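Taking it in order: structure first as structure tokens, then the write-up.
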There are 2 protein chains.
Amino acid sequence: MLLSIEPDSSVPIYQQIRDRIVEAIATGEAPVGSGLPATRQLAVDLGINFHTVNKGYDLLRQEGLLRIGRKAGAVVQRDATSGPPRPGWEEDWTSRLRTMLAEATAQGLAADEIIGHCQDIVAGFVPVTYDGPAVGEAS
Amino acid sequence: MLLSIEPDSSVPIYQQIRDRIVEAIATGEAPVGSGLPATRQLAVDLGINFHTVNKGYDLLRQEGLLRIGRKAGAVVQRDATSGPPRPGWEEDWTSRLRTMLAEATAQGLAADEIIGHCQDIVAGFVPVTYDGPAVGEAS
DNA sequence: CCACTGTTCTATAAGAGATACATCATAGGG
DNA sequence: CCCTATGATGTATCTCTTATAGAACAGTGG
């Protein structure tokens with residue numbers, strides 16, 4: 001897990017951490033069951049405060065993508081087998097996606113160009129499936 | 001132009017205003033050349049401060065989607081004929097889209113489901129074309 | 001005892017509102 | 001016809017609240 005942060009960006013650092021990890025889950029770089037770095041360790045690596053990392057992890061926990069425990073640290077949890085997303089997630093996500101696609105349309109991108117971009121991006125992702133041992137689970 | 005705002009949302013009000021207007025441009029509800037309500041008027045209608053509205057309008061101006069003048073107020077400007085988006089826009093947009101699609105993948109949505117959502121949304125948009133008189137232009 | 005996470009507290013910056021100022025259009029009087 | 005008054009609009013400055021980021025401390029399990 002190697003992620004980089006832009007300290008001078010307008011998006012909060014904890015949001016950047018959350019985004020990069022979400023992308024790592026989608027690309028398969030952080031498969032379900034794999035452990036993420038400890039909050040303080042990652043904070044040192046990024047040169048930021050560990051509380052900021054903690055906030056990013058907590059966001060992912062609220063989204064059901066992470067399980068945080070003392071023993072194993074942060075473990076990627078969400079997959080097709082761990083139940084559906086929390087209620088209302090799909091509506092919220094669709095709404096945000098709508099805004100994003102509207103922006104592209106307003107900027108002059110044609111419909112097929114937009115869909116092409118989406119396909120290119122999704123093609124780089126792998127479906128989340130859990131094929132390893134129960135890392136972080138009680139023995 | 002009828003737009004509603006969620007005052008208790010976590011996303012800033014000025015961002016909501018910007019998002020709703022972007023969507024209105026994409027759906028054709030606010031075609032290029034049409035005028036938006038005056039900042040103070042819209043602020044009264046929404047029950048918020050006019051400065052907040054002004055900030056939302058200013059965002060759209062920076063994105064090249066709006067032209068603000070005393071005479072005609074805020075006028076939708078961006079279309080295919082008013083030049084390309086500002087440099088770096090497409091890279092930034094693609095990056096944000098990537099995060100959004102990764103989120104859906106991590107939540108368990110299949111690739112074809114994601115693309116289907118995108119197609120459904122884009123199908124509700126109309127290409128931005130300017131077919132009216134030069135509203136707000138010097139005579 | 002060591003390695004982790006969780007909690008509480010404190011500066012700094014962003015969001016939202018209130019107020020005051022500058023600018024332009026239009027109407028009315030000279 | 002020109003000048004000025006008034007209203008509308010956009011712009012700038014200030015203040016209050018909240019969120020963000022950082023620092024020190026406490027709790028928990030191996």
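In this text, all values refer to a predicted model and were calculated from it rather than measured experimentally. To find a chain, count down the sequence lines: A is the first, B the second, and so on, and within it residues start at 1.
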TODO: Return the set of residues passing side-chain hydrogen bond (donor to acceptor under 3.5 Å, both in side chains) with B/Thr99 (not counting sequence neighbours), or none when no residue passes.
DONE: A/Glu23
- [ ] Return the 5'-most residue of the pair A/His51, A/Tyr57 with respect to DNA chain C, ranking by each residue's nearest nucleotide.
- [x] A/Tyr57
- [ ] Evaluate the side-chain proximity of B/Cys118 to A/Leu101: yes if any heavy-atom separation is below 4.5 Å, no if none is.
- [x]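 A/Leu101 vs B/Cys118: side chains touch.
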Open item on the list: If you define the side chain from C-beta out and look only at heavy atoms, does anything of A/Thr105 sit under 4.5 Å from A/Leu109?
Closed with: no
- [ ] Determine: side-chain N/O of A/Lys55 to OP1/OP2 of D/dA21, distance under 4.0 Å, yes or no.
- [x] no
Task: Phosphate OP1/OP2 of D/dA21 contacted by A/Tyr14 side-chain N/O (<4.0 Å) - done: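 The answer is no; no side-chain N or O of A/Tyr14 sits under 4.0 Å from OP1 or OP2.
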Side chain of [X] only, heavy atoms from C-beta on: which candidate in [options] is closest?
X       : options                : result
B/Ala38 : D/dT9, D/dT11, D/dT20  : D/dT9
A/Pro12 : D/dA21, D/dT11, D/dA26 : D/dA21
A/Thr52 : D/dT11, D/dT20, D/dG22 : D/dG22

Open item on the list: So A/Phe50, base contact, sugar-phosphate only, or nothing? Heavy-atom distance under 4.0 Å.
Closed with: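 Base contact - A/Phe50 has a heavy atom under 4.0 Å of at least one base atom.
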Open item on the list: Going 5' to 3' along DNA chain C, between which two nucleotides do contacts with chain B fall, using a heavy-atom cut-off of 4.0 Å?
Closed with: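 Endpoints of the contacted stretch of DNA chain C: C/dG15 to C/dC24.
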Task: A/Gly64 backbone acceptor or donor facing B/Gln107 side chain under 3.5 Å - done: no
- [ ] Answer yes or no: is there an ion pair linking B/Arg18 with A/Glu103, defined by an N-O contact shorter than 4.0 Å?
- [x]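 Looking at B/Arg18 and A/Glu103, the cut-off is met.
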Open item on the list: Please determine whether a side-chain nitrogen of the Lys or Arg among A/Lys55 and A/Asp58 lies less than 4.0 Å from a carboxylate oxygen of the Asp or Glu.
Closed with: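 Salt bridge absent between A/Lys55 and A/Asp58.
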Nearest-angstrom distance from the residue atom [atom1] of [X] to [atom2] of [N]:
X       : N      : atom1 : atom2 : result
B/Asn49 : D/dC16 : CG    : P     : 15 Å
B/Gln41 : D/dG10 : CD    : P     : 11 Å
A/Asn54 : D/dA26 : CG    : C1'   : 15 Å
A/Arg40 : D/dG22 : CZ    : C1'   : 13 Å

Open item on the list: Using every non-hydrogen atom in the two residues, find where B/Val32 and B/Gln77 come nearest and quote the distance to one decimal.
Closed with: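 Minimum heavy-atom separation between B/Val32 and B/Gln77: CG1-O, 3.6 Å.
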- [ ] Could you say whether A/Gly47 or B/Asp58 is positioned toward the 5' end of DNA chain D, judged by the nucleotide with the nearest heavy atom to each?
- [x]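 Nearer the 5' end of the strand: B/Asp58.
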